[in-house]
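Following: one structure in structure tokens, then a few remarks.
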Amino acid sequence: MNKNIAELFKDAVKSLNQNYDDRESEQIAYILFEEIGYNKHFLLTNPETIAEEKSINRLNSFLTEMSKGRPVQYVIGKAYFLDFILEVSEGVLIPRPETEELVVKAYSVIENFPEKPQKILDVGTGSGCIAISLKHKFPDIEVTALDNSTDALNIAKKNAKKLGVDIHFLQADFLEDEIASDVYWDLIVSNPPYVKKSEMEGLEKHVRDFEPMPALFPPGEDACIFYRNIAAYGAKQLTEKGKVIVEIHPDLHKEIKEIFEAKGFKKIEILKDFSGRKRILVGER
Ligand SMILES: C[S@@+](CC[C@H](N)C(=O)[O-])C[C@H]1O[C@@H](n2cnc3c(N)ncnc32)[C@H](O)[C@@H]1O
């Protein structure tokens, strides 16, 4: 006879415990149970419910994937970002909580612009998390989302469509191609690849084995290459008093600030994330 959902939950937590601590295992188990049709409220109020065969099979296949170290977002194909549920797959970075903080900062920067901004560029859009959030909040602003990865753009387009936001997508290599040299942006936002090559060894296994490396590591040895290009591009293609908001590597905040200063950016602020790490740079042309 099939087990009840409380017993099944306990078994799932035990299986997840191979890779995660107790607390994480429980949190992930709730996510997986939601996917198989038993949300947390139902689970807590109806623990004796006998699980359906198809739910058990689905759960088992999720647990098999999880046991290989695959992140839960790739296993269920979705990630939670602010108020949105975004589709993700292995071709795209799983959006991080610090990027939610960047978006919230961008909301207030946009609200405080001297004149209503008209055009925003998101460099390295990935799942589209930043571009979609901004367009959703400010539907009148024209938002362009750029990435060089076809997989990422396909997912970002799907996400935009599902969430009913109209974004311009641009496939280009930001380091190599000439980007929209006839367009002037009010705001350039970016969470570019910024992990240092020396950090490869220390990356958690689920990141190293499953997330796309070009989304994490810039090419070559210069960890700041994207900031150099964004600063140079922004100096030419931002409107007067146009701004940049970029996510940064906490260890590189001084160097990145100098890069923007050298290109004439003013009013540079470095903001800490929730865990107290210097994570976001805002600057004005
Ligand atoms: C750190 S991820 C950020 C993704 C998403 N914006 C987020 O915050 O979750 C960096 C993104 O930059 C893209 N990328 C890497 N190199 C690029 C390049 N040379 N030109 C354009 N996009 C690039 C990657 O495909 C990836 O989607």
Side-chain angles (χ1 to χ4, degrees), residues 71 73-74 78-82 84-107 120-136 143-160 163 165 167-180 185 187-197 199-200 203-204 207-208 210-234 237 244-250 252 256 273 279-281:
Q73 293 88 343
Y74 290 150
K78 56 173 100 144
Y80 295 86
F81 187 83
L82 294 170
F84 308 105
I85 298 178
L86 300 173
E87 180 174 328
V88 290
S89 71
E90 274 158 50
V92 85
L93 190 88
I94 298 166
R96 305 292 204 267
E98 47 272 25
T99 310
E100 295 178 306
E101 294 186 48
L102 176 142
V103 168
V104 171
K105 178 64 190 171
Y107 289 165
I120 297 177
L121 174 67
D122 174 21
V123 177
T125 199
S127 60
C129 56
I130 301 174
I132 290 170
S133 310
L134 296 180
K135 182 69 185 181
H136 198 269
V143 176
T144 299
L146 176 151
D147 211 292
N148 64 345
S149 153
T150 309
D151 286 350
L153 284 172
N154 285 341
I155 296 270
K157 283 177 192 168
K158 270 200 209 168
N159 282 325
L163 292 163
V165 294
I167 288 176
H168 297 284
F169 288 98
L170 184 58
Q171 181 157 25
D173 184 330
F174 190 71
L175 302 179
E176 298 288 340
D177 297 339
E178 183 172 320
I179 312 292
W185 311 97
L187 177 65
I188 298 175
V189 284
S190 184
N191 171 21
Y194 59 67
V195 183
K196 295 182 272 176
K197 289 273 179 318
E199 292 174 292
M200 172 73 108
L203 280 187
E204 289 171 291
V207 177
R208 200 177 52 227
F210 295 98
E211 298 214 61
M213 290 300 111
L216 294 166
F217 294 96
E221 294 309 313
D222 180 6
C224 292
I225 182 85
F226 277 91
Y227 304 104
R228 285 182 219 290
N229 279 48
I230 292 169
Y233 180 72
Q237 300 298 143
V244 286
I245 306 179
V246 288
E247 191 170 312
I248 60 171
H249 191 308
L252 299 172
I256 298 170
D273 65 16
R279 196 51 104 166
I280 299 168
L281 177 144

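Computation of the quantities below employed the complete heavy-atom set of this structure, encompassing side-chain atoms and omitting hydrogens, waters and symmetry-equivalent molecules. In listed order, ligands and their atoms are each counted from 1.
Inclusion of Asp122 in the set of residues having an N or O under 3.5 Å from an N or O of ligand 1 is not warranted. Considering backbone and side-chain N/O of Pro192, none are found under 3.5 Å from N/O of ligand 1. Residue Asp147 has at least one N or O atom closer than 3.5 Å to an N or O atom of ligand 1. Residue Ser127 has no nitrogen or oxygen atom sitting less than 3.5 Å from a nitrogen or oxygen atom of ligand 1, judged on distance alone.
Checking side-chain atoms of Asp147 against main-chain N and O of Gly126 turns up a donor-acceptor pair under 3.5 Å. Here the side chain of Glu199 pairs a donor or acceptor atom with the backbone of Lys196 at under 3.5 angstrom. One N or O on the side chain of Asn159 and one on the backbone of Ser127 form a donor-acceptor pair closer than 3.5 Å. At distances below 3.5 Å, at least one donor-acceptor pair connects side-chain atoms of Gln171 with backbone N or O atoms of Asn148. Of the possible polar contacts, one joining the Glu100 side chain to the Leu82 backbone as a donor-acceptor pair under 3.5 Å is found. Of the possible donor and acceptor atoms, none in the side chain of Asp177 sits under 3.5 Å from a partner among the backbone N and O of Ile179. Remark: the backbone N or O of Glu247 is not paired with any side-chain donor or acceptor of Asn191 at under 3.5 angstrom. A donor-acceptor pair under 3.5 Å is absent between the side-chain atoms of Lys197 and the main chain of Asp222, judged by distance alone. Panel note: side chain Glu87, backbone Ile155; no donor-acceptor pair is recorded below 3.5 Å.
Listed by number with element, the atoms of ligand 1 under 4.0 angstrom from any heavy atom of Leu146 are 21 (C). Every atom of ligand 1 with a heavy atom of Pro95 under 4.0 Å away is listed here by number and element: 9 (O). In the vicinity of Ser149, heavy-atom distances shorter than 4.0 Å reach the ligand 1 atoms 25 (O). Residue Leu93 approaches ligand 1 through these ligand atoms, each under 4.0 Å from one of its heavy atoms: 1 (C), 2 (S), 9 (O). Taking every non-hydrogen atom of Thr99 and a distance limit under 4.0 Å, the qualifying atoms of ligand 1 come out as 8 (O).
Residue, atom and distance of the protein heavy atom nearest to atom 15 (C) of ligand 1 are Pro214 O, 3.3 Å. For atom 7 (C) of ligand 1, the nearest protein heavy atom (residue, atom name, distance) is Cys129 SG, 3.4 Å. The protein non-hydrogen atom at the shortest distance from atom 18 (C) of ligand 1 is Asn148 ND2, 3.4 Å. What sits closest to atom 11 (C) of ligand 1 on the protein, heavy atoms only, is Gly124 O, 3.5 Å. At the shortest separation from atom 19 (N) of ligand 1 among protein heavy atoms lies Asp173 OD1, 2.8 Å.
Which of Tyr194, Phe174, Phe226 comes nearest to atom 16 (N) of ligand 1 through a heavy atom is settled by distance: it is Phe226. For atom 5 (C) of ligand 1, the choice among Asn191, Thr125, Leu102 with the nearest heavy atom turns out to be Thr125.
Contacts with ligand 1 closer than 4.0 Å are made by no heavy atom of Phe81, backbone or side chain. Within the 4.0 Å heavy-atom criterion, neither part of Ser190 lies near ligand 1. Residue contacts with ligand 1, taken as heavy atom pairs separated by less than 4.0 Å, involve Ala215 via backbone and side-chain atoms alike.
Between Phe174 and Tyr233, the distance separating the two ring centers is shorter than 6.0 angstrom.
Using a cutoff of 4.0 Å between basic side-chain nitrogens and carboxylate oxygens, Arg279 and Glu98 are scored as salt-bridged.
With sequence neighbours excluded, no residue forms a ring-ring contact (aromatic ring centres under 6.0 Å, His included) with Tyr227.
Residue contacts with ligand 1 include Ala172, since one of its heavy atoms falls under 4.0 Å from the ligand.
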